[in-house]
Amino acid sequence: MEKIYSKKILKYIFDALLVILGTFLMGVAFNVFLNANKISPSGFAGLCAIISNVLADNFNVHISASIFYLAINGVLFFLSLKKMGINFAINSAIGVIGYSVFMEICNFNLGLDSSDLLLCAIYGGVLMGIGLGFVFRGHGSTGGSDMLANILGKKFKFLTVGNLVLIVDAIVLILSFIAYKNLTLSLYSLIAIWVMTKVADVIVAGVQGVRAYYIISPNFEQISSDIMQTLGRGVTGFEAEGMYTKQDHRVLMTVVTRAEAVKLRQIVSNIDKNAFMYSTPISEAMGYGFLPLTDEPKKHNKRKNKKEVKTEIIDESEE
């Protein structure tokens, strides 16, 4: 019991450190690459950066974007607190405070050529995406859209986190053009937001390079057996009908990594050179043999030894 409790404590500490590291990288990206060149970052940070810059340039009122960010997210945090789990609430508080602090203090000069806006947009987006991915990996949040979705979700069913992110980012790009009167900066902001989103997805989902392969061959039993025995991957069989020949076919489906794809083609080719096979990319594969469905995968989720793989898991068709 004590060992389990200790593991949970260590997990909470690790998650918190991951959130702090992520917000640090986001703070560096915000100040060094993006906001310094008036390239608006994604989300509420972008809105706060625009407000801060407009007040400074037009009214000589200097209020840091981090102050606006902390104030807005502080209100959203307390309004959505009841709908959060305790762990998510703690890590979200760390994320909001950490990002606000690092937005304020990460003002160091890396000696970059700030005139190269494309370079700043790309690397700012990369660093922001890595940081955001770490925050998500630590089961935290930097506030903004997800908290607002918790507040408005019941009343407005269409306001999911994904929809709110799109709405807020669209507002950021429009306000960026209005505030700076420079379409080029808005387009660079779009590049930074797109790069950030893609990099964050990679950090969260991992670079799996996984594909689903579909195989049609009369020798489906031998092919499926060799795939399971040689690659240790599961195979699913289902019935299909050829619309030209009006004949029934057994279609095999298996999911393999990029490294296993070459061996898969060899297996099929050795058994039936006339087999039909095609593949589709998969952004994320979870469960048996791939990413765990939980943070602490149990033994039955781990990939078994090849000798333990069952030789028959193909679904039999109904007669």
Side-chain angles (χ1 to χ4, degrees), residues 18-57 62-74 76-77 92-138 140-147 165 168-173 175-177 179-180 182 185-200 203:
L18 207 56
V19 172
I20 292 172
L21 175 60
T23 54
F24 169 75
L25 295 176
M26 293 175 70
V28 173
F30 179 87
N31 279 314
V32 177
F33 293 96
L34 301 178
N35 192 45
N37 300 292
K38 293 187 177 179
I39 299 174
S40 301
S42 174
F44 277 57
L47 293 176
C48 294
I50 293 172
I51 295 172
S52 177
N53 290 330
V54 167
L55 290 177
D57 295 342
H62 297 278
I63 302 176
S64 173
S66 62
I67 302 299
F68 288 114
Y69 188 82
L70 184 61
I72 293 173
N73 281 285
L76 293 176
F77 179 83
S92 295
I94 294 173
V96 170
I97 295 172
Y99 191 20
S100 300
V101 170
F102 291 127
M103 284 170 65
E104 185 67 28
I105 66 176
C106 291
N107 286 312
F108 38 83
N109 187 0
L110 296 179
L112 295 171
D113 182 8
S114 60
S115 63
D116 193 340
L117 295 181
L118 179 60
L119 191 68
C120 291
I122 292 175
Y123 281 95
V126 168
L127 203 59
M128 187 73 76
I130 294 173
L132 188 61
F134 283 167
V135 172
F136 289 156
R137 281 280 192 174
S141 167
T142 55
S145 300
D146 50 353
M147 291 185 184
V165 168
V168 172
D169 286 346
I171 293 173
V172 167
L173 294 174
L175 291 181
S176 173
F177 174 70
Y180 304 135
N182 189 326
L185 290 177
S186 298
L187 294 177
Y188 281 127
S189 298
L190 180 60
I191 292 173
I193 292 172
W194 184 84
V195 171
M196 181 205 74
T197 303
K198 294 300 180 182
V199 172
I203 297 298

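Numbers here are sequence positions counted from 1. Quick caveat, the model's predicted, so the values are computed rather than measured.
- For Ala65 against Ser52, the heavy-atom pair with the smallest separation is N-OG, 3.6 Å.
- Between Thr142 and Tyr69 there is a side-chain heavy-atom pair separated by less than 4.5 Å.
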Worked verdict on Phe136 versus Ile203 for side chain to side chain contact (heavy atoms under 4.5 Å, CB included) = CA-CA 9 Å; Phe136 289 156; Ile203 297 298; over 6 Å; no

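- The nearest pair of heavy atoms linking Val126 to Val199 is O-CG1, 3.6 Å.
- Taking 4.5 Å as the limit, every side-chain heavy atom of Met103 sits out of range of all side-chain heavy atoms of Asn35.
- Minimum heavy-atom separation, Leu18 to Gly138: CD2-N, 3.7 Å.
- In this structure, Leu25 and Phe134 have side chains that are in contact, with non-hydrogen atoms separated by less than 4.5 Å.
- The number of heavy-atom neighbours closer than 6.0 Å to CZ of Phe68, taken from other residues, nucleotides and ligands shown, is above 12.
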List the steps and the verdict of side chain to side chain contact (heavy atoms under 4.5 Å, CB included) for Phe102 and Val28.
-> CA-CA 7 Å; Phe102 291 127; Val28 173; over 6 Å; no

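- Under the 4.5 Å side-chain criterion, counting only non-hydrogen atoms from C-beta, Ile51 is not in contact with Cys48.
- Taking CD1 of Ile191 as the start and SG of Cys120 as the end, the distance is 12.0 Å to the nearest 0.5 Å.
- Phe24 has its side chain out of reach of Tyr99: every pair of non-hydrogen atoms, C-beta onward, lies at least 4.5 Å apart.
- By the 4.5 Å heavy-atom criterion applied to side chains, His62 and Leu55 are not counted as neighbours.
- Scanning all heavy atoms of the two residues, the minimum distance from Val172 to Gly43 falls at CG2-O, 3.4 Å.
- Atom CG of Asp169 sits about 10.5 Å away from atom CZ of Phe44, to the nearest 0.5 Å.
- Minimum heavy-atom separation, Ala36 to Asn31: CB-O, 3.1 Å.
- One finds the CD1 atom of Ile50 at 10.0 Å from the CD1 atom of Ile171 (value rounded to the nearest 0.5 Å).
- Separation of atoms CD (Glu104) and CG (Leu70) is listed at 10.5 Å; rounding is to 0.5 Å.
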Dump the intermediate steps for side chain to side chain contact (heavy atoms under 4.5 Å, CB included) on Leu173 and Ile193, then the final yes or no.
-> CA-CA 10 Å; Leu173 294 174; Ile193 292 172; 4.1 Å; yes

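- The minimum heavy-atom distance between Asp57 and Lys38, with the atom names listed, is OD2-NZ, 2.8 Å.
- Defined by atom type and a distance below 3.5 Å, a donor-acceptor pair is present between the side-chain atoms of Asn53 and Tyr180.
- Here the side chains of Leu185 and Leu117 are in contact, with some heavy-atom distance below 4.5 Å.
- Between Ile94 and the options Thr23, Ile20, Val135, a side chain to side chain contact (heavy atoms under 4.5 Å, CB included) holds for only Ile20.
- With hydrogens and angles disregarded, no donor-acceptor distance shorter than 3.5 Å links the side chain of Ser189 to the backbone of Ile39.
- Between the OG atom in Ser64 and the CD1 atom in Ile105 there is a gap of 11.5 Å [rounded to 0.5 Å].
- Between Phe30 and Cys106 there is no side-chain heavy-atom pair separated by less than 4.5 Å.
- Atom CG in Leu21 sits 13.5 Å away from atom CZ in Arg137 (nearest 0.5 Å).
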